[in-house]
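What follows is a short report on a single structure.
Just so it is clear: chains get the letters A, B, ... in the order the sequence lines come, proteins before strands, and each one is counted from 1.
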Protein chains: 2
Amino acid sequence: MPRDGTATRNRILDSAERLVLEHGFGATSVDAVIAASKSSKGAFFHHFSSKDDLGRALVARYAAADIAHLEQYMARAEAESDDPARQVVAFVRLFEEDADDIVAAQPSCLYVSFINERQLDPEGAAEPIVAAILAWRERLLELLRAAGERSALPPDLDLEALADHVFVTFEGAFILARSLQDGAHMRRQLRLVRMLLEQVLAVRAEA
Amino acid sequence: MPRDGTATRNRILDSAERLVLEHGFGATSVDAVIAASKSSKGAFFHHFSSKDDLGRALVARYAAADIAHLEQYMARAEAESDDPARQVVAFVRLFEEDADDIVAAQPSCLYVSFINERQLDPEGAAEPIVAAILAWRERLLELLRAAGERSALPPDLDLEALADHVFVTFEGAFILARSLQDGAHMRRQLRLVRMLLEQVLAVRAEA
DNA sequence: CGGGAAACAGACTGTATGGTCTGGTTGGTA
DNA sequence: TACCAACCAGACCATACAGTCTGTTTCCCG
């Protein structure tokens, strides 16, 4: 039953994302994607010109969703307080609260699958990933800089590295949780980073 | 020219490690390994019963070297001071000092290639990885516990998570550095973690 | 209501890849 | 020296895979 436009395409993308998160991109065959999405060879290559094309679409969609999450959580964090330091802490805390759901829905992060297997065109596919990483850095860096203007922070503190450290913790925690087969590590690592942020930004926990 | 025993095997392992670190395990063909190691099909399958067998050997060797590094740096850190808090900080600082060399020698961490592509027997191959992660945790945890006995630490501080956070930072920083194609991020992330540790463990920087 | 294009289904193909097989070379040993 | 086993070389094989081709159904538009 044709005539739906993007419905089949999205089914393929959904199935492919699940499989790639589970087994990696290289270990995911298009036949497996076709079977999982209950489509066909014809449908697949109608919507995607090649497997690499699917990979690019996958990364683009994932990165877009990632940035959407960033903005969404950032908005919620900014609504909690006027103090940028508290906003940063709240931002991490919100992810901490949802950590179990996040890690249950995704056993890994799509980025690593494509960063570590660059058989796809080196520049093209990594571009949305770089954009997403920079978006996270910039959004957090604004808040950290603002926090530094309000109250004194350690003078040799690398604010850019601190901003990146949230992403670093996410990726590292995904690997830790997957290696030890215990999703609780995501929550614990985020909680730790939140507490370290509270200390370095001198944010007192409220009742 | 036969008659060397493990020389060929090690050449294969070295070449395979480089290729897998660069392209991932699934994207590395045994033909490519054979070509890179200047050996032959016969030699390869004489030393390894299958590609997965190579993978297991690769992980085992890598994890063993990883634990060796852990012990080596730990010994150097423990030689610097009697204060366990300072030892933890020194441990991270030593890696920080060598960060550029580490990331130059290895564009990534072997663990992620095998954690994210588990087409190899789920338990068998991951075992040395788990062992290495737990070794890092335990060694750091001893020091952190000892530090907690000497001076008061924040009561709700998750010491196990803090111990794991060093591994988490390593893995996350590898991904960040590779994504942004800038190896300096490893050093910066380690430096940041060292500073955060200094704060939470109340270790004053010395002249 | 007729044609054209988008949306599919599935048989088919060329090749890269993991793995096998036969044979040959070297070195230790009886 | 004869022999055996470890070590290796490379042709060969089976298949799994990405990608193609032909045909069919559905919808939209004139």
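Using a 4.0 Å cut-off, no side-chain N or O of A:S29 falls inside it from OP1 or OP2 of D:dA16. Regarding contacts with the backbone of D:dA9, every side-chain N or O of B:S39 stays at 4.0 angstrom or more from both OP1 and OP2. Checking the phosphate oxygens (OP1, OP2) of C:dA9, no side-chain nitrogen or oxygen of A:K41 falls inside 4.0 Å. Proximity of A:H47 to the phosphate of C:dA6: no side-chain N or O atom is located under 4.0 Å from OP1 or OP2. Dashed line: the shortest gap from a side-chain N or O of B:H46 to OP1 or OP2 of D:dC8 is not under 4.0 Å.
The side chain of B:K51 approaches C:dG18 more closely than any other nucleotide in the set C:dC8, D:dA9, C:dG18. You'll find that the side chain of A:S50 is closest to D:dG19, out of D:dG19, C:dC8, D:dA9.
A:R187 has no carboxylate O lying under 4.0 Å from a charged side-chain N of A:E97, or vice versa, which leaves the two without a salt bridge. Salt bridge status for A:E22 with A:R18: absent, with no side-chain N to carboxylate O gap under 4.0 Å.
A:F95 and A:W136 have tilted rings, their planes meeting at an angle from 30° to 60° on a 0 to 90° scale.
Atom NE2 in A:H23 sits roughly 16 Å away from atom C1' in D:dA16 (whole-Å rounding). For the pair B:R11 CZ and D:dC7 P, the interatomic distance rounds to 14 Å; values are reported in whole Å. One can place CZ of B:F45 at 16 Å from C1' of C:dT22, the figure rounded to the nearest angstrom. Computed from coordinates, the A:F48 CZ to D:dT20 P distance equals 15 Å when rounded to whole Å. When rounded to the nearest whole Å, the span between CZ of A:F44 and C1' of C:dA7 equals 15 Å. As a whole-Å value, the separation of A:L54 CG from D:dC17 C1' is 15 Å. Put simply, NZ on B:K38 is 17 Å from C1' on D:dG10, counting in whole angstrom units. Here the P atom of nucleotide D:dT15 and the CG atom of B:D31 are 18 Å apart, to the nearest Å.
A donor-acceptor distance shorter than 3.5 angstrom exists from the side chain of A:Q189 to the backbone of B:A161, with no hydrogens or angles considered. Side-chain atoms of B:N10 come within 3.5 Å of backbone atoms of B:T6 as a donor-acceptor pair (strictly under, hydrogens ignored).
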